Number of protein chains: 2
Amino acid sequence: MDIKELESSYFDDKIYVKNVAVDNVIFGYHDKELRVLLQRPTSFPKWTVTGGYVRKTESIEEAADNIACMRTGLKNLFLKQFRSFGNPSRTKGEREIVKKFFESIGMELPADSWILDYSVSIAFYTLTEFSRVTVQKAPFDEAIDWWPVSQLPPMMFDHALIIAEALKALQHHIYHYPIGYELLPEKFTLPEIHSLYETILDKTLDNRNFTRKLMSTGIVKKLDETRSIGAHRSPYLYKFDKRKYDTALKKGIFLAF
Amino acid sequence: MDIKELESSYFDDKIYVKNVAVDNVIFGYHDKELRVLLQRPTSFPKWTVTGGYVRKTESIEEAADNIACMRTGLKNLFLKQFRSFGNPSRTKGEREIVKKFFESIGMELPADSWILDYSVSIAFYTLTEFSRVTVQKAPFDEAIDWWPVSQLPPMMFDHALIIAEALKALQHHIYHYPIGYELLPEKFTLPEIHSLYETILDKTLDNRNFTRKLMSTGIVKKLDETRSIGAHRSPYLYKFDKRKYDTALKKGIFLAF
DNA sequence: AATTTATTTCGTCAAAATGACAGAATATGT
DNA sequence: ACATATTCTGTCATTTTGACGAAATAAATT
């Protein structure tokens, strides 16, 4: 998206849905760490969740997918809508910053522009393995980076809340849906998926009991291969049983870690 | 809300948030039956979920609460946001009907009015005991009534989907939150809450096991009173332990019925 | 070649939770 | 006193859970 398109579109009520934004909390997992992809638009003093507006030709899910794709280069990531945010004060205190941002890129926003007005944000979260991602800096981002969920920078608007809620939703969903498919390589080891769950839930899980429960769901299956990890016993490789995984995604499961 | 206010407001971009609607699926329970409160606005051939628009001075939660209050007369009912809906086609096929509706009440909508445009709906569900409700007919409703969730009339837009999703969300939440406080009188019997759960989950639950699990949560406590129900053994009365109930609402519980 | 080290994997056991099931208690009308 | 309809309580075999420890393995070290 270049300046021309941005300029013509944000001002053109025929293209974008007014007063509605989509924010997408992109979670990345790698090496036992959970991070969030954040951006800092030009001249912004604080960071924001990746987000954008909704074209009238697309669904909110498509908008969220586009946002994820624009920033990660990956299409069709796992996307989950978890809540919408809307109240008079959520952007109020920082509208001046938004205005300055548009000025800094050479666009004068009319005072009554919907961009500076009451804004409803439909929030999604996305999961990905962040070593697979080549972060894409958008034209008007001064910075874009992965931040550990436990050490976030100062956030704009209510975005700290949005991230906190996204994390809560993820932690809740992990008990009912087979999280992991998007966060791990195709073939992974038991210790790897074990660490993933520990990281997301932020607590230690007995490895023997974890394995027992995970295997009882049937969504992962053991392969007849091992991975060499140096001077230690080689762990077996596992992969998701896509068939059962999809069923579990649709019908839900019940894990009690 | 009278015509004057409606007229001046829907056209005034300064009062309402454009392109955003709040729909509230009001569930009512009574006598072992689960129903939904539906309205049929003047000249509409089909029914809709109760809904409305968001004032720029209020949050989406307040908007949902107002909708519930306008229709039931009850304030501060249990409200839960479960999903937002937004895609180009969800209202497209029936915009002509909306236009005719406004004409029928003497208002000519401009062709480019946001009311006929792409609409994002933020959906909530609400719970109440429907014998406590005196249904409030709004000025422009031709009809408003409780419909059994299993026998809905023809629905406008994607409202049949919205109700289906609300029901799924409710059935899911019942495993994790202490549903029932809003759906039962202050004092209730064990068979009553048992039937409530059976109705919502749409399956039979062994009464002995149900009691055991319910009591183990600690959210309800037995009283030293009974209710006379005629020629049968008098059931004991129970009430929610508000303290533990609130904790459970906040922290969540884990019921496996 | 034996030993050390770090990591993975497998196994046990007591306690708790679950699912299936039946019979006793009680309030009223006959 | 008895019949009837409904509420309430209890048991038991099975399964699941939580808490542990010990054996197996791959490479580096002696």
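Everything numeric in this text was worked out from a predicted model, so none of it was measured. Heavy atoms only: backbone and side chains are in, while hydrogens, waters and symmetry mates are out. Below, chain A is the first sequence line, B the second, and so on; all start at residue 1.
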Revision key, fill the gap. Per-nucleotide protein contact along nucleotides 20-30 of chain D, 5' to 3', at a 4.0 Å heavy-atom cut-off (B base, S sugar-phosphate only, - neither), is BB--BBBS---
Whole-Å gap separating [atom2] ([N]) and [atom1] ([X]):
X	N	atom1	atom2	result
B/Leu190	C/dT26	CG	C1'	16 Å
B/Glu225	C/dT26	CD	C1'	18 Å
A/Phe254	C/dA17	CZ	P	15 Å
A/Tyr236	C/dT7	OH	C1'	14 Å
B/Leu237	D/dT7	CG	P	13 Å
B/Phe210	C/dA17	CZ	C1'	17 Å
B/Leu214	C/dA17	CG	P	15 Å
B/Phe188	D/dT7	CZ	P	15 Å

Exercise for review: Find the distance between NZ (A/Lys222) and OH (A/Tyr238) and round it off to the nearest 0.5 Å.
Suggested key: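 Going from NZ on A/Lys222 over to OH on A/Tyr238, the span is 4.5 Å.
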Check your understanding: When you match A/Tyr238 and B/Lys213 each to their closest nucleotide on DNA chain C, which lands nearer the 5' end?
Key ->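 Nearest-nucleotide comparison on DNA chain C picks A/Tyr238.
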Sequence neighbours excluded and cut-off under 3.5 Å, please list the side-chain donor-acceptor pairs for residues 156-163 of chain B, or say none.
| residue | atom | partner | partner atom | Å |
| --- | --- | --- | --- | --- |
| B/Asp158 | OD1 | B/Arg90 | NH2 | 3.1 |
| B/Asp158 | OD2 | B/Arg90 | NE | 2.8 |
| B/His159 | ND1 | B/Val49 | N | 3.0 |

Exercise for review: Would you indicate, yes or no, if D/dT7 has its OP1 or OP2 atom less than 4.0 angstrom from a side-chain nitrogen or oxygen of B/Lys222?
Suggested key: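 Checking D/dT7 against B/Lys222, no side-chain N or O comes under 4.0 Å of OP1 or OP2.
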Does [atom1] belonging to [X] count more than 12 external heavy atoms closer than 6.0 Å?
X	atom1	answer
B/Lys250	NZ	no
B/Tyr181	OH	no
B/Lys244	NZ	no

Review point. If you measure from the Lys or Arg side-chain nitrogens to the Asp or Glu carboxylate oxygens, is any gap between B/Lys203 and B/Glu198 under 4.0 Å?
Key: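 No, B/Lys203 and B/Glu198 are not salt-bridged.
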